[in-house]
Amino acid sequence: MTKLIPRITEQEIQARIAEMGRQIALDYKDKDLVIIGILKGSFIFLADLIRQIPIDHDVDFMGASSYEGQESTGQIVFTKQPDLALKNRDVLLVEDIVDTGRTLMKITEFITLLNPRSLKLCALINKQERRQMHIDVSYSGFFLNDGFIVGYGLDYNEKYRNLPAIYDLKI
Ligand code: IMP
Ligand code: MG
């Protein structure tokens, strides 16, 4: 039977996002910020995060997909490219969760070709110990080492994105 075990509460998520938003606003106050959410997992995090960033910025999306079930297929497919021109702008990529780092590595390589002035990464969840690629995540909400988590945008085969908090999924 599938079990959902509470891992991070709604209150903990919102408090951490407020801190992250404050830090991002400070760091980008004199910059030309474009925030790019990586679909689909980041859409709820992005919606809450940008409302905690009280400086002007643009929002765009990129789509990437690699997971089926609880394992990455290793193949990253871009399902959407950004609409805005990113040349000479300060791009912040927003991900739900960084695991092996393969997805963000591929996306970073792609965005770099568009010649932004700067490029930084932000993730709600950082599974740092599972990293296989060297990537530098400038803003991490929470560090987790184990488990497959769902809720708050994170899915298992497209389900559970609607849960307001984050849960360990046990199958
Ligand atoms: P990476 O390429 O291995 O870093 O995987 C990153 C992507 O895998 C994330 O954007 C998620 O979509 C998905 N993912 C990794 N770990 C989890 C998890 O624990 N729950 C749900 N999705 C996950
Ligand atoms: Mg994702």
Side-chain angles (χ1 to χ4, degrees), residues 1-14 16-17 20-21 24 34-50 59-83 86 91-114 116 119-171:
M1 207 181 73
T2 305
K3 265 172 77 176
L4 294 172
I5 301 159
R7 188 79 186 251
I8 309 174
T9 67
E10 223 178 320
Q11 291 75 11
E12 286 168 329
I13 295 170
Q14 294 305 330
R16 184 70 188 110
I17 290 175
M20 295 172 86
I24 292 166
V34 186
I35 297 185
I36 300 185
I38 313 299
L39 295 171
K40 296 183 235 175
S42 73
F43 78 107
I44 293 179
F45 173 43
L46 184 94
D48 283 342
L49 181 67
I50 64 170
V59 175
D60 206 341
F61 293 96
M62 250 196 98
S65 177
S66 68
Y67 262 64
E68 258 172 48
Q70 294 195 1
E71 281 304 322
S72 173
T73 59
Q75 291 273 69
I76 288 125
V77 181
F78 290 161
T79 54
K80 184 196 177 303
Q81 302 198 358
D83 300 320
L86 304 178
V91 173
L92 180 63
L93 289 176
V94 174
E95 242 305 25
D96 50 359
I97 180 165
V98 194
D99 184 22
T100 63
R102 287 177 191 282
T103 306
L104 271 184
M105 184 65 127
K106 271 264 179 252
I107 292 174
T108 299
E109 285 169 4
F110 173 80
I111 300 281
T112 301
L113 297 175
L114 303 175
L119 177 57
K120 285 210 235 173
L121 311 179
C122 171
L124 179 65
I125 311 287
N126 192 338
K127 282 184 177 169
Q128 202 163 29
E129 291 191 359
R130 286 179 41 93
R131 200 61 35 80
Q132 291 174 12
M133 316 299 280
H134 180 77
I135 53 163
D136 184 14
V137 183
S138 300
Y139 307 96
S140 296
F142 300 91
F143 289 92
L144 299 182
N145 296 325
D146 54 342
F148 187 86
I149 55 172
V150 295
Y152 197 72
L154 289 152
D155 72 307
Y156 172 65
N157 284 343
E158 300 298 330
K159 299 291 187 291
Y160 305 115
R161 294 192 198 276
N162 57 319
L163 301 175
I166 290 177
Y167 296 82
D168 266 314
L169 180 75
K170 302 278 186 215
I171 295 196

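Counting starts at 1 for both ligands and their atoms, in listed order.
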Sequence neighbours left out, cut at 3.5 Å: what donor-acceptor pairs do the side chains of residues 4-11 make with other protein atoms?
residue, atom, partner, partner atom, Å
Arg7, NH1, Asp146, O, 3.4
Arg7, NH1, Asp168, OD1, 3.1
Arg7, NH1, Asp168, OD2, 2.9
Arg7, NH2, Asp146, OD1, 3.0
Thr9, OG1, Glu12, N, 3.1
Thr9, OG1, Glu12, OE1, 3.3

Please set out all donor-acceptor pairs under 3.5 angstrom arising from side-chain atoms of residues 136-143, sequence neighbours excluded.
residue, atom, partner, partner atom, Å
Tyr139, OH, Asp27, OD2, 2.6
Tyr139, OH, Lys120, NZ, 3.3
Ser140, OG, Asn126, ND2, 3.0

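Note on ligand 1: Leu154 sits in its first shell, one or more heavy atoms being nearer than 4.0 Å. Residue contacts with ligand 1 leave out Ile125, since none of its heavy atoms falls under 4.0 Å from the ligand. Within the 4.0 Å heavy-atom shell around ligand 1 one does not find Gly41.
Atoms of ligand 1 found under 4.0 Å from any heavy atom of Asp155, numbered from 1 in the order shown, are 21 (C). Less than 4.0 angstrom separates some heavy atom of Ile149 from each of these atoms of ligand 1: 18 (C), 19 (O), 20 (N), 21 (C). Less than 4.0 angstrom separates some heavy atom of Arg102 from each of these atoms of ligand 1: 2 (O), 4 (O).
Using a 4.0 Å cut-off between charged nitrogen and carboxylate oxygen, Arg102 and Asp99 do not count as a salt-bridge pair.
A side-chain contact (heavy atoms from CB on, under 4.5 Å) with Phe45 is found for exactly one of Ile97, Leu154, Val94, namely Val94. Considering Val59, Leu46, Leu86 in turn, Leu86 is the only one that fulfils the side-chain contact (heavy atoms from CB on, under 4.5 Å) rule with Ile36.
Closest heavy-atom approach to atom 2 (O) of ligand 1 within the set Thr103, Leu39, Asp96: this belongs to Thr103.
Using a 4.0 Å cut-off between heavy atoms, Lys127 contacts ligand 1 through its side chain alone, with no backbone atom that close.
Using a distance-only test at 3.5 Å, with no hydrogens or angles considered, no donor-acceptor pair links the side chain of Lys106 to the main chain of Ile76.
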